[in-house]
Amino acid sequence: ERASLLLIDDERGDLLLRGAVGFREDTTENIRLGERGAVTRHVLRIGQPMLSQDLESELDIPRRADLGYRTGAFMAAPVKIEGVTRAIINVSERRSGAGFTERDLSLLALLANQVAVVLENFFLSQAVVERERLEKELQIAQRIQAKVLPTEFLVNGRARIAASSA
């Protein structure tokens, strides 16, 4: 019934809630989370998918009734790119109220691998766009510099000075 995708901001180290379904209406996407939750810290520490039928009794993680959680059943999987966790997928509150199975966890791990491919492609395309932007700025700077620099300076009796930006 609930799922979320948390991206890890490499520069700041915090989390960005990038996608969420099944939460309260006031929960919005694309918000920065000030602190990492207990499940997120656990998944980052173990570096692999985790499954719990009762977070409170199995992992000593209290159920957050203030967030509307009815059960302690929870699955989470790291999204890794080149061995580095770049995001975490969380799933909780199965509609039927039943717990999750190892098969559910395997499916979540497969989904995390697919998300990793999508994220890696996105990050690579961002890098290409940034490189192209920098190249355009350098071309503009070179044209400005070519217009500003004189092609030949005054000649004193002994030396002749010239400049070029090409």
Let me check something: do [X] and [Y] share a hydrophobic cluster, defined by ILVMFWY side-chain heavy atoms less than 4.5 Å apart, either directly or through other members?
X	Y	result
I81	F122	yes
V115	F123	yes
V117	V128	no
I89	L110	no
V148	I140	yes

Distance, nearest 0.5 Å, that separates [atom1] of [X] from [atom2] of [Y]:
X	Y	atom1	atom2	result
L51	L108	CG	CG	9.5 Å
T40	I88	OG1	CD1	4.5 Å
L44	L15	CG	CG	7.5 Å
R86	D9	CZ	CG	9.5 Å
S92	F100	OG	CZ	6.5 Å

Item to check | Listed once per pair and sorted, the side-chain hydrogen bond (donor to acceptor under 3.5 Å, both in side chains) pairs that draw on residues 117-130, sequence neighbours left out | outcome: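 Passing the test, one end in residues 117-130: E130-R133.
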Determine the minimum heavy-atom distance between [X] and [Y], stating which atoms define it.
X	Y	answer
G99	A73	CA-CB, 4.1 Å
A109	P49	CB-CG, 3.9 Å
A116	K80	CB-O, 3.2 Å
A76	V43	CB-CG2, 3.5 Å

Checklist entry - Of all residues at least two apart in sequence or in a different chain, which pass the side-chain hydrogen bond (donor to acceptor under 3.5 Å, both in side chains) check with E102? => result none
Not counting sequence neighbours, which residues clear salt bridge (charged side-chain N to carboxylate O under 4.0 Å, His left out) with [X]? List them please.
X	result
E132	none
E135	R131
E82	none

Holding to side chain to side chain contact (heavy atoms under 4.5 Å, CB included), I want the full list of residues that pass it with [X], two or more places apart in sequence or in another chain.
X	value
R103	T101, L107
A87	L5, L7, V79, L119
Q139	R143
I46	H42, Q48, M50

